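For clarity, every value in this text was computed on a predicted model and none was experimentally measured.
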Amino acid sequence: MFIELTDHLRCPVDHEEQFLVLLPHRMEGRSVREGQLGCPVCHRIFTLTAGVLDVGGAPAVEDGTSALDAESLSTLVGLSGPGGYLVLVGSPAALWREVAHHNPGVALVAVNPPAEVADQELLSVVRGGRLPLKSHSMRGVVLGRSFATDPAWVEEAARVLLPGLRLVGESADPAPQSIDLMASAGGVWVGTRRR
């Protein structure tokens, strides 16, 4: 896990949003390979093993096939320039190498990716039943099929998105309570967080 990402992590438990405190056990360059993250509010401890943070409750892994290719995904997310983080939830994380190529200088976070996706220099991997990321901190979020059809995941994705930036989902149009829909076609939609 890219050490700078730890500044954007939060406890996934239902209480006031709180940062997690990192206790690294093993580092390789700027990557935390082994360690623990603790919540100062509820005192839960989350383990980071082989660079992967597991906060518990992760659903079954998707099969790794995405309705989008990396170029289309990058175009729909619409990032302009380096910096920040792009979150790939579920099957789109399998495209991370190509997505990194189309978005130089943007760090990638794979949440509940297919089994073959592992923590790398350009990619941090997180597993869990919620996004353990601070509100309004990510430049873009892409939800794979099984996540984009779940209103709780759409709500979580909208929560972590910076104002005015885009959320992409592989499903029928989401319920409008948290997303302002910009476009929809062929089982893929693009929207922004509702204010």
Side-chain angles (χ1 to χ4, degrees), residues 2 4-5 7-10 12 17 58-59 61-114 117 122-195:
F2 192 46
E4 280 82 355
L5 179 63
D7 291 339
H8 298 280
L9 296 175
R10 63 159 287 204
E17 186 164 302
V61 175
E62 289 189 319
D63 67 4
T65 56
S66 177
L68 297 167
D69 60 37
E71 186 174 2
S72 300
L73 181 155
S74 298
T75 300
L76 291 172
V77 170
L79 299 182
S80 56
Y85 295 89
L86 172 58
V87 182
L88 306 172
V89 184
S91 59
L95 303 170
W96 76 269
R97 288 182 199 279
E98 296 88 358
V99 171
H101 173 76
H102 289 288
N103 297 279
V106 176
L108 302 177
V109 181
V111 178
N112 300 326
V117 176
L122 299 173
L123 179 74
S124 296
V125 177
V126 176
R127 298 193 188 283
R130 297 180 68 179
L131 293 174
L133 301 167
K134 288 183 181 177
S135 297
H136 321 301
S137 64
M138 300 291 115
R139 289 188 66 199
V141 181
V142 180
L143 296 173
R145 275 185 217 102
S146 64
F147 297 95
T149 58
D150 183 337
W153 277 95
V154 173
E155 186 73 29
E156 275 288 282
R159 178 186 62 77
V160 304
L161 198 58
L162 283 161
L165 297 182
R166 296 180 188 172
L167 169 61
V168 177
E170 298 181 1
S171 70
D173 296 354
Q177 61 263 32
S178 57
I179 299 295
D180 284 327
L181 200 60
M182 297 170 64
S184 173
V188 175
W189 52 265
V190 180
T192 58
R193 181 173 58 87
R194 179 160 282 183
R195 296 176 188 186

Shortest non-hydrogen contact from V117 toward P113: CB-CB, 3.7 Å

Side chain to side chain contact (heavy atoms under 4.5 Å, CB included), paired with L108, selected from V125, L95, L86, N103: L86

From CG (L181) to CH2 (W189), nearest 0.5 Å: 7.5 Å

Contact check, side chains of L73 and L88, non-hydrogen atoms, under 4.5 Å: yes

Working for side-chain contact (heavy atoms from CB on, under 4.5 Å), residues N112 and F147: CA-CA 10 Å; N112 300 326; F147 297 95; 3.8 Å; yes

Which atom of H102 lies closest to which atom of S74, heavy atoms considered: CB-OG, 3.4 Å

Spatial distance of atom OG (S66) from atom CD (E170) [nearest 0.5 Å]: 3.5 Å

Student check: side-chain heavy atoms of F2 and L122 closer than 4.5 Å: no

Test item: V77 and V99 side chains (from C-beta on) under 4.5 Å apart, heavy atoms: no

Non-hydrogen atoms of R145 and S91 that approach each other most closely: N-OG, 4.4 Å

Nearest atoms (heavy-atom pairs only) where P151 meets T149: CD-O, 3.5 Å

Nearest heavy-atom neighbours spanning A70 and E98: CB-CB, 3.2 Å

Please table the atom pairs, donor to acceptor, closer than 3.5 Å between any side-chain atom in residues 134-141 and protein atoms at least two apart or in another chain.
{"unit_1": "K134", "atom_1": "NZ", "unit_2": "D7", "atom_2": "O", "d": "2.7"}
{"unit_1": "S135", "atom_1": "OG", "unit_2": "E17", "atom_2": "OE1", "d": "2.7"}
{"unit_1": "S135", "atom_1": "OG", "unit_2": "R159", "atom_2": "NH1", "d": "3.1"}
{"unit_1": "H136", "atom_1": "ND1", "unit_2": "R193", "atom_2": "NH2", "d": "3.2"}
{"unit_1": "S137", "atom_1": "OG", "unit_2": "K134", "atom_2": "O", "d": "2.6"}
{"unit_1": "R139", "atom_1": "NH1", "unit_2": "G81", "atom_2": "O", "d": "2.9"}
{"unit_1": "R139", "atom_1": "NH1", "unit_2": "P82", "atom_2": "O", "d": "3.4"}
{"unit_1": "R139", "atom_1": "NH1", "unit_2": "G83", "atom_2": "O", "d": "2.6"}

Donor-acceptor pair, side chain of E156 and main chain of L131, under 3.5 angstrom: yes

L161: which of L167, L133, T192, I179 passes side chain to side chain contact (heavy atoms under 4.5 Å, CB included): L167

Spacing of CD belonging to E71 relative to CG belonging to L76, to within rounding of 0.5 Å: 10.5 Å

